[in-house]
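Below is one structure, written out as structure tokens, with a few remarks after it.
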Amino acid sequence: MGRIVAGIRTSHVPSIGGAYDRGRDSTPAWKPLFDAYVPVRAWLKEMEVDAAIMVYNDHGADFFFDKYPTFAVGCAESYAIADEGFGVRPLPVIPGDLAFSQHLCRSLVYDEFDITICQEMRVEHGFLVPMHLCFEHGESWPVPTIPIAVNVLQHPLPTARRCHRLGQAIGRAVASFERDIRVAIIGTGGMSHQLTGTEFGAMHTENDLDFLERIESDPDSLLQLTHQQLMEKFGVEGIELIMWLVMRGALPDNVRRIHRNDYAPMTTGMGLITLQGDA
Amino acid sequence: MGRIVAGIRTSHVPSIGGAYDRGRDSTPAWKPLFDAYVPVRAWLKEMEVDAAIMVYNDHGADFFFDKYPTFAVGCAESYAIADEGFGVRPLPVIPGDLAFSQHLCRSLVYDEFDITICQEMRVEHGFLVPMHLCFEHGESWPVPTIPIAVNVLQHPLPTARRCHRLGQAIGRAVASFERDIRVAIIGTGGMSHQLTGTEFGAMHTENDLDFLERIESDPDSLLQLTHQQLMEKFGVEGIELIMWLVMRGALPDNVRRIHRNDYAPMTTGMGLITLQGDA
Amino acid sequence: MIQQLERDARVAGSDVFDLSTSWRGYRINKMCNALSQAQNRDACARDEEAFMAAYSLTDDEKELMRKRDFPGLLAAGGNIYFLIKLGVVTRNGLYHMGAQMRGESYEQFLSTRNQREAV
Amino acid sequence: MIQQLERDARVAGSDVFDLSTSWRGYRINKMCNALSQAQNRDACARDEEAFMAAYSLTDDEKELMRKRDFPGLLAAGGNIYFLIKLGVVTRNGLYHMGAQMRGESYEQFLSTRNQREAV
Ligand SMILES: [Fe+3]
Ligand SMILES: [Fe+3]
């Protein structure tokens with residue numbers, strides 16, 4: 001049986017990817033962000049993770065509104081790097097774990113989650129930024145990773161509670177897998193941001209800190225929030241935070257916090273929190 | 001508020017479409033099938049239906065295994081006729097009801113169904129055969145119709161119980177719609193058939209009759225059947241019958257049967273049953 | 001959660017098309033899926049070898065296709081609904097494929113039907 | 001079932017991108033979606049009018065595009081993540097679009113940021 005041993009929540013702001021590709025991780029503006037992930041990478045290495053599950057959203061790289069899934073799960077041997085509109089970033093292809101994906105899909109569907117199963121899936125900054133923040137790579141990545149894409153673009157979005165339930169179902173799927181694998185789950189997106197309207201760039205740092213606190217100690221208080229309430233607290237695009245709830249649902253109730261960071265240089269609260277589930 | 005006033009379950013065998021297009025509905029081999037729908041069309045006209053919901057499956061016309069949804073709901077002003085591999089059939093484009101579709105999608109997602117929302121969708125024999133069996137058309141169709149596609153091709157499929165629950169959720173969505181529309185729901189596919197292996201063409205007429213009986217009088221007894229059990233009774237491709245359960249879930253518990261027919265000329269049990277829900 | 005299917009389930013002598021089959025047959029089914037478009041049907045009819053190569057079929061898969069071995073294509077992961085599109089292009093209707101699966105001639109197969117005129 | 005969103009909800013002076021918006025903006029977003037491919041970016045840069053026509057933009061939508069009116073494109077149903085692709089081709093980065101939405105110059109907008117070098 002598999003075990004979820006590590007949980008990570010992190011922003012996936014695309015400009016982090018740009019800074020990374022241009023080697024700007026040590027500039028004064030970016031150092032506070034990149035430095036926070038150095039111990040995270042060391043910790044993940046120590047945790048000897050066999051596979052990762054990346055809960056993210058596509059921002060129009062591989063899905064269009066002709067056929068827009070609520071939850072899409074990767075089920076392939078590997079995942080190509082998408083062209084988001086400015087060419088393909090120089091990153092290695094993402095290795096998958098086909099048998100684990102197939103088990104995950106079977107378990108989720110029989111558990112009454114109506115996922116879209118993707119045997120071809122190209123991944124983009126929502127997935128890639130957390131990937132290169134959390135894992136080192138040379139020619140290849142150290143762990144196979146399963147993409148799970150959540151609709152946070154086109155309302156109706158899945159409710160906060162449904163996201164948490166998806167996480168719980170992922171936890172059951174991992175526990176019933178035949179191989180004894182150690183799994184990390186990463187919930188990405190947010191924190192507060194608003195990318196449209198006259199309040200473009202508005203951040204809500206108080207609310208971000210409150211969310212960081214609650215997701216660790218009192219996740220239940222977040223599950224009853226409606227999308228309207230969440231957007232009023234975190235901005236229209238800050239609704240991405242519902243993806244952190246998937247990750248929270250997959251972890252055991254009692255977790256130990258390992259790292260925490262927040263940084264808000266431009267238009268988005270860049271939060272980070274890691275939780276260890278083997279307490 | 002909307003009301004579901006009519007429920008129809010019917011096979012959607014593609015050869016019915018071929019016979020229809022070639023005007024062979026009065027040949028000895030086809031007359032017993034086509035004649036059964038004459039009173040159904042008259043009844044549906046009498047029922048003054050404002051919209052139809054077609055629960056069907058795509059057989060590879062508009063969805064591929066690169067991204068395969070469990071449940072896909074049409075959300076467009078109209079739906080084109082797909083080319084299934086032999087050209088586009090001479091049928092009018094299917095009119096949709098955009099506002100009703102949008103309401104249905106919102107209601108289903110907030111009700112924790114993880115549908116794929118389709119603003120472009122081309123429909124094929126699974127949808128079209130029931131359409132021209134149940135409705136007359138000249139240049140256009142008499143009612144707007146919403147397609148709901150169910151994965152019955154690539155296991156894991158949604159469970160029988162999940163299909164029934166989807167039907168119940170559709171019922172709630174119709175009831176909460178702002179317009180007083182009268183809705184027909186059509187569940188298609190089956191009955192027994194096997195299109196692969198050494199038992200190609202095997203039918204199970206006894207089991208088909210039993211299913212026709214149970215879906216009318218005791219649908220609960222069908223909900224606990226696994227896919228394995230269903231396939232053993234109805235053949236590998238007979239699993240399509242789970243789509244009839246969606247339709248059953250959408251109707252009130254107490255329904256009155258109006259029509260019933262079964263005919264098994266070649267390789268598939270062609271069943272028909274209609275239920276009136278305003279009893 | 002109730003398991004719906006035994007591992008590698010076979011029902012009535014037939015494989016069940018599940019995610020493992022789907023992955024195995026991905027190239028074949030992707031090629032067949034393209035046959036929903038007229039220009040691809042033309043391309044396939046014009047130069048089948050080039051068409052197969054464009055979809056990266058393996059040598060074994062190509063050989064099954066050349067032999068019109070539909071049971072073999074199914075065993076290689078082909079999905080029957082996608083193979084039907086290949087049947088249109090290669091003039092092998094579903095009932096011809098079915099007869100082949102049963103190890104019968106088309107005539108033999110038709111003689112087992114209740115209404116053989118309902119083709 | 002708990003309703004998640006008020007009808008025609010606006011949050012912090014912004015529309016929420018829902019199914020109604022998505023349908024209204026379908027042509028714009030479909031055009032922008034094509035810009036994920038290099039040959040379409042070239043086609044757009046080469047002949048923007050022909051590119052817009054190929055995606056059946058209405059006259060009003062074309063005019064918004066010609067004026068690089070991003071608030072207008074949003075109001076017409078454009079989705080910000082798809083408009084960003086248009087921004088790449090037309091050399092209007094997200095922060096330029098944002099400044100326009102706020103009714104500020106790019107410089108004014110940057111001066112409101114905590115770390116303006118983190119662009
Ligand atoms: Fe994002
Ligand atoms: Fe069918």
Side-chain angles (χ1 to χ4, degrees), chain A residues 13-16 18-19 24 27-30 32-33 57-66 68 82-88 122 124 153-157 159-161 194-203 224-232 235-237 239 263-267 270, chain D residues 1-6 9-23 25-26 29-30 32-38 40-41 70-71 74 78-89 93-95 97-104 109-110 112-119:
Chain A
V13 184
S15 58
I16 301 174
R24 297 183 55 121
T27 64
W30 280 114
L33 185 275
N57 73 288
D58 184 271
H59 301 75
D62 197 33
F63 293 88
F64 183 58
F65 302 131
D66 57 340
Y68 214 68
D83 181 338
E84 300 184 55
F86 51 84
V88 175
R122 289 165 301 166
E124 47 110 86
L153 256 60
Q154 179 186 258
H155 291 256
L157 314 182
T159 65
R161 193 169 296 278
Q194 169 105 7
L195 300 183
T196 56
T198 51
E199 294 189 37
F200 177 95
M203 291 184 282
Q224 69 221 21
L225 295 175
T226 65
H227 297 144
Q228 181 105 23
Q229 291 167 324
L230 283 161
M231 289 189 289
E232 278 160 9
V236 170
E237 281 70 32
I239 193 69
Y263 184 52
M266 280 292 291
T267 59
M270 300 181 184
Chain D
M1 195 196 82
I2 296 164
Q3 205 60 37
Q4 296 287 315
L5 208 55
E6 285 160 25
R10 288 178 64 81
V11 173
S14 173
D15 293 323
V16 174
F17 190 86
D18 72 355
L19 282 176
S20 309
T21 333
S22 188
W23 183 257
Y26 198 77
N29 292 321
K30 190 166 180 173
C32 293
N33 183 50
L35 298 173
S36 289
Q37 294 175 283
N40 293 328
R41 293 195 285 273
F70 291 100
L74 283 170
N79 176 281
I80 184 63
Y81 297 113
F82 287 89
L83 291 181
I84 287 173
K85 297 172 200 293
L86 183 60
V88 174
V89 176
L94 176 64
Y95 300 142
M97 294 183 197
Q100 197 188 43
M101 294 177 213
R102 291 162 63 102
E104 293 175 349
F109 168 67
L110 283 188
T112 65
R113 300 296 96 190
N114 295 331
Q115 277 288 349
R116 54 173 294 164
E117 300 303 318
V119 286

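Treat the numbers as computed from the prediction; the structure is a model and nothing was measured. The sequence lines fix the lettering, A, B, ..., with proteins before strands; numbering per chain opens at 1.
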If you count heavy-atom pairs under 4.5 Å with chain D, which of [options] comes out on top?
{"options": "A:Gly18, A:Gly197, A:Gly235", "result": "A:Gly197"}
{"options": "A:Ser15, A:Ala264, A:Ala19", "result": "A:Ala264"}
{"options": "A:Val236, A:Thr27, A:Leu153", "result": "A:Leu153"}
{"options": "A:Leu230, A:Thr198, A:Ile239, A:Leu157", "result": "A:Thr198"}
{"options": "A:Gly85, A:Pro28, A:Ala29", "result": "A:Gly85"}
{"options": "A:Leu33, A:Thr159, A:Val88", "result": "A:Thr159"}

I need the residue from [options] with the largest number of non-hydrogen atom pairs under 4.5 Å to chain A.
{"options": "D:Ala99, D:Gly103, D:Ser22, D:Ala9", "value": "D:Ser22"}
{"options": "D:Arg10, D:Gln100, D:Arg102, D:Glu117", "value": "D:Arg102"}
{"options": "D:Leu35, D:Leu5, D:Val88", "value": "D:Leu5"}
{"options": "D:Leu83, D:Val119, D:Asn33, D:Ile80", "value": "D:Asn33"}
{"options": "D:Gln3, D:Arg116, D:Met97, D:Lys30", "value": "D:Lys30"}

**Item:** Parallel, tilted or perpendicular: rings of A:Phe200 and D:Phe109 (30°, 60°)
**Value:**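 Perpendicular.
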
Heavy-atom pair of closest approach, residues [X] and [Y]:
{"X": "A:Gly201", "Y": "D:Arg113", "result": "O-NH1, 2.9 Å"}
{"X": "A:Ala61", "Y": "A:Glu84", "result": "CB-CG, 4.1 Å"}
{"X": "A:Asp58", "Y": "A:Phe63", "result": "OD1-N, 3.4 Å"}

[X] versus chain D, the contacting section by heavy-atom distance below 4.5 Å:
{"X": "A:Gln194", "value": "side chain"}
{"X": "A:Arg24", "value": "side chain"}
{"X": "A:Asp62", "value": "neither"}
{"X": "A:Tyr263", "value": "side chain"}

Within this structure, what is the [atom1]-[atom2] distance for the pair [X] and [Y], rounded to the nearest 0.5 Å?
{"X": "D:Met101", "Y": "A:Leu195", "atom1": "CE", "atom2": "CG", "answer": "7.5 Å"}
{"X": "A:Gln228", "Y": "D:Gln4", "atom1": "CD", "atom2": "CD", "answer": "9.5 Å"}
{"X": "D:Asn79", "Y": "D:Lys85", "atom1": "CG", "atom2": "NZ", "answer": "10.0 Å"}
{"X": "D:Thr21", "Y": "D:Leu19", "atom1": "OG1", "atom2": "CG", "answer": "8.0 Å"}

**chain A contact via D:Leu110 - which portion, at a heavy-atom distance below 4.5 Å** =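 Looking at D:Leu110, just its side chain touches chain A.
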
**Request:** Tell me whether the centres of the aromatic rings in A:Phe65 and D:Phe17 are closer together than 6.0 Å.
**Result:**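 Centroid separation for A:Phe65 and D:Phe17: below 6.0 Å.
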
**Request:** Decide yes or no for D:Asn29 and A:Gln154: does some side-chain heavy atom of the first lie under 4.5 Å from some side-chain heavy atom of the second?
**Result:** no

